[in-house]
Each structure stands twice: as structure tokens, then as C-alpha cells.
Amino acid sequence: MKLLLLFIASIIVNNFVLSYFLGICPFIGVSKRLDSAVPMGFAVTFVMTMTAVITWIINQLILLKLNMPYLQYVAFILVIASLVQFVEMFLKKFIPSLYKAFGIYLPLITTNCAILGLALLEALKNYNFLESIVFGVGSGLGYTLSMAIMAGIREQLELSNIPKPFENAAITLITAGILALAFMGFSGMIAL
Amino acid sequence: MDKKPAIYHFLKGFWDENPVLVQILGTCPTLAVTATAVNGIGMGLATTFVLVFSCVVISVLRKLIPNEVRIGVFTVIIATFVTLADLFLKAYFPDLSKALGPFVPLIVVNCIILGRIEAFASKNNVWLSFLDALGNGFGFTLTLIVMGSIRELLGKGTWFGIPVLLSFYKPMLVMILPTGAFFTYGTLMGISNALKKIKS
Amino acid sequence: MNISTKMIVALTIVSIIAGFALAFAYEYFKVKIADNAVKALNESIGAVIPGAISKELIPSDQMTIYKVYDKELNDPAKQLLGYAIVTYASGYQGSIKILVSVTPDFSKIITFRVLEHSETPGLGGNIVNPDFINQYEGLSCDKQIIVIKGPSKKENNEISAISGATISSRAVTKALNESFQKAKAIVTANE
């Protein structure tokens, strides 16, 4: 039951983009169209879940046992960079169409603060193995959800008259603000 | 190679190529830690520290790092300096460290750092890389201070903790919440774009 | 060297240097960091038990409880000033860490302090306000503290919830209520 609550909470209550401010750069960059936002979201979810698992193993079984928590940042980022590299190679070989579709965005996942943020939060909250997986999947899906909503809105915004200085990034941010306001309504829904 | 005077590389980080408002990098900490002006300064300076040292080290080593593995090497170097900054803050500024929370380690993936390294430090000499990093870092810090000040003044009525507007102004709570962050950032960006248009 | 070897060599060298630099830095800073934690703890305990001079951690892996003394007082019976208990509340936005102090006989609350929280500033965040905390001072530990939505009466062990932050107020109260009996049991078992 607790896992289910954690799952739901990660998606909407503690949404990575709208509550924790993680993963904003690609959020602004990729959310222009729905058909690029959603695959990006799923890629992020995949990387997040794998990261959640691998960093848990490294953190709990190696770093903490050896009393070297200060190596966390270096270790985590190495894991993430390698993981993304691996995903890239895998896609290039086995699903080249998807690889082409992601283009530059795939390597950019490495610097997506959402992934490192996930690893850090999970270490901070000392989740156990199962909780980490649920957290990873949930946060990824929440990320995908907010990207999808944003993309849907932006596709509509293209048709309206926005003052020139506010086009693109600025209006996206303001829209995100309104979305954040809406998502605030979910706070307190789940007392963890 | 570069006909611009060295000082240009320092100054461009403030306005022309402001990392937050023009390059749109470092967005996450910009939104997350600017609920107060003092957090903005703390984050800005910590990031500047990491930016400058990483850029200088990588500029020194730029001819030695194999191209294929450069991102990996860059990130390890950045992560090392971030850990150093984090340890320093925890030791000498524990309250600031607590306030900034997980966003100090997140400097590792602050796109400003990797961005400047990829675009500049890995291809230019040490002096220019230093100036570029310093300028970008200070530009970033300045923008964070502005954002932090706006949000703190409107959201709490204080500035750097000093009650300024409280006697006659009821603070708008939303400014220190996520929504306020997005609104302030978006508005600042819009305004700076407009100003740039007017200038040209 | 082919590419893979180059990659591995470069990464390994950098990682080893980084590892050493960080181990070094950690050793250098860790004393100060540990000191900061001790200072912060002492300061909090001093804040919730006035006149506190020394403390003693009660061995237990279930709760963190400190016996707080002023051994310079002449009367040995008065030297134990009270107990400082760390407890956690499930707040609106996450966990709330509280340090609550009680009289030596576990009958009354002295006061409490919120050590960590992520409640909404301006709403749940107001649990750190002295006005809110004062309501709990002197309340009985033997009876449940009750949260009321309007004006409350101390004689009835009641406190008024912060308007707009009922959940945070209730969370804090629940944590306090639950901690007293548990802490008392641990302390008694330890005597």
C-alpha cells in the first residue's frame, strides 16, 4: 500500500518539474510538440528507473558500507553518463528509428538534473530497493505527464498572438507557473 | 583566432550572453533557490567557484583529454569541484548548505558549466577561459540576486532578511512558491528580450 | 592505443585523482562538519530546556532521547532539568523533525522546536512561530493534546490549529502525543 502511495505521490504530488524544479531545460526545449515530448518523457523514465536501481546498489552496498558518502556525486554522475551512453548505443543498433528521432536530446539526458536529482533524493530519503524502483518509475511518469500537458498547451499557443519578447521560453515558463499552481492542489493529498 | 578583446569575454556573461536569460541554461537552480536573495547569492557564488575551477583545469588539460571520452572526464572533474564546494559549505556555512539542499550537488549537471566547457574552455587558452567562466558565473549570480530579491520582496516583504515592505504591504505568498518562480523567471526573460529588441 | 583503451585509461586516471582529492578534502573538513552538527544540537537543546548545561544520550535504537542536566546546581534533586526527545511528524509536504522537551517526571511539556520541515511557507510553515508553539507549553503529557479549530483552552489540553494549516498542526500534535508514552517507557526501562 505504501508503495502505491509513493507511486502516485511521485507522479502528481511531488512532480519533479512542477514541485521540485528538476529537469527544466529539456522541459522548455522539448515540449514544443506532443510527439517529441512523450517519447522524450519515456526515455527519461527508462533512464530514471535504471538509475534508481544502479545508484541504490552502489550507494547502499558500496559507498555507505565503506563510509565514503562524499564520493556519491562523482559515482552517480558516472553511472548516469555511462547509462545514457549505453542506451544510445543500444538504440543505435537495435531501434535506429527511435535513435534518429531523439537526436541530440538523448545525450542531453545526462545533464538533465532530474536524473541526478532522482539519485540524490533517493539517497537522501534512504529508500529501500523496492521503494527506489517505484520512485524512479513514478517520477519518470510524472515528468512525462507534465511534458505532455505542456506540449499540448504549447501546440495551442502556437496559434495565438504572443508578444514577441515572450515567445518560446518566456511564455513556456509562465505557462509552467500556472500549471504549478494547478498541481499545488494535489499537495497534502497523500500524507507519507 | 579571436579578434575580440579579452575583457569582452568577461563582460558578455552579464548581458549579451547571460546564461539564464539568453542562453537559457542553469534554469533549475534559478527557479529552485531564488525564494530569498541570500540563497541566490550563495548558489551563484558556489556555482561560480565550480565553473571557474572546472573551466581552468579543463582548459589546461584540453590537449590531453581524448575526444571520445571528454564528456565523462569533464563530468568527473566538475563533480569533484562540486563535492569540494559542498564540503566547504557544510563546514563553514551550514545554514546556507541546508537551505540550498540538494541543489548544491545538482551544480554537477548545471548546464552552464558543461555548456561553457564544451563551447569555450575546451577550445581556448587558460586566461580567456578563466574570464569567460568568471563572467558567466557573475552574470548568473547577478541574475539570481535579482530574481531572489524580487521574489523575496514581493513574497515575504523582506530583503536579505531585513523587513523592508512589511509595514504597509501584505506579502503575496505565491511569489515564494513554485508558481512565483516560474512567473518571475518568464517575466524577466520577456522583459530582457524586449529591452534587447529596443536596443537593436 | 585503440579508442576503448584510451577512454578507460583517461577516465581511470581522472577518477583516481578525483578520488584522492576528495578523500583528502573530506578528512580535512569532517571535523568541522561534525562540530557544526554538535553545535546545532546543543543549541536546540538549550533552546527547549532553559539553563541546560550538559546532556546524556539514552541508549536506544528506537528513539533519540537526551537527559538534560545542570550539574552546577547545589540541590542534586534539581539537577535533572528534563528530557529532550526527537520525534518526527508526517506533515503536509514531508517529514517534520521536532525536538520536544518534557519535565523530569514526564508530566508536562516544557516546549518544542521544529528542527526540519518542508511545509508551505506562510501556511504550514507557521508551525515554527512562537505563537503556535506557546500553546503547547505547560500542557499535560499524560492526556492527549487536542487540536481545535477555534479558540482553545489550555486547561483542557487543547491547542488551536493554524488557520489554513490544519494538517500541519494536526501532524505536529499527533507526533507529540505519540512520543511521550513511548519515550517514557524507554527512559523507565533504562533506569
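All chains are named by letter (A, B, ...) in the order of the sequence lines, taking the proteins before the strands, and each is independently numbered beginning at 1.
- Contacts of A171(C) with chain A are absent, with no heavy-atom separation under 4.5 Å from either backbone or side chain.
- Here salt bridge (Lys or Arg N to Asp or Glu O under 4.0 Å) pairs that include residues 21-37 of chain C, with residues two or more places apart or in two chains, are E27(C)-K30(C).
- Residue contact with chain A, scored on non-hydrogen atoms closer than 4.5 Å, involves the side chain of S15(C) exclusively.
- Heavy-atom contacts from other residues, nucleotides or ligands closer than 6.0 Å to CG of D75(C) number more than 12.
- Residue K39(C) qualifies as open at atom NZ: its count of foreign heavy atoms under 6.0 Å is 12 or below.
- Within residues 42-54 of chain A, no residue has any heavy atom less than 4.5 Å from a heavy atom of chain C.
- Residue K108(C) places its NZ atom among 12 or fewer non-hydrogen atoms of other residues, nucleotides or ligands, all under 6.0 Å distant.
- In the displayed structure, Y88(C) atom OH is contacted under 6.0 Å by at most 12 heavy atoms of other residues, nucleotides or ligands.
- Counting heavy-atom neighbours within 6.0 Å of K174(C) NZ, excluding the residue itself, gives a total of 12 or less.
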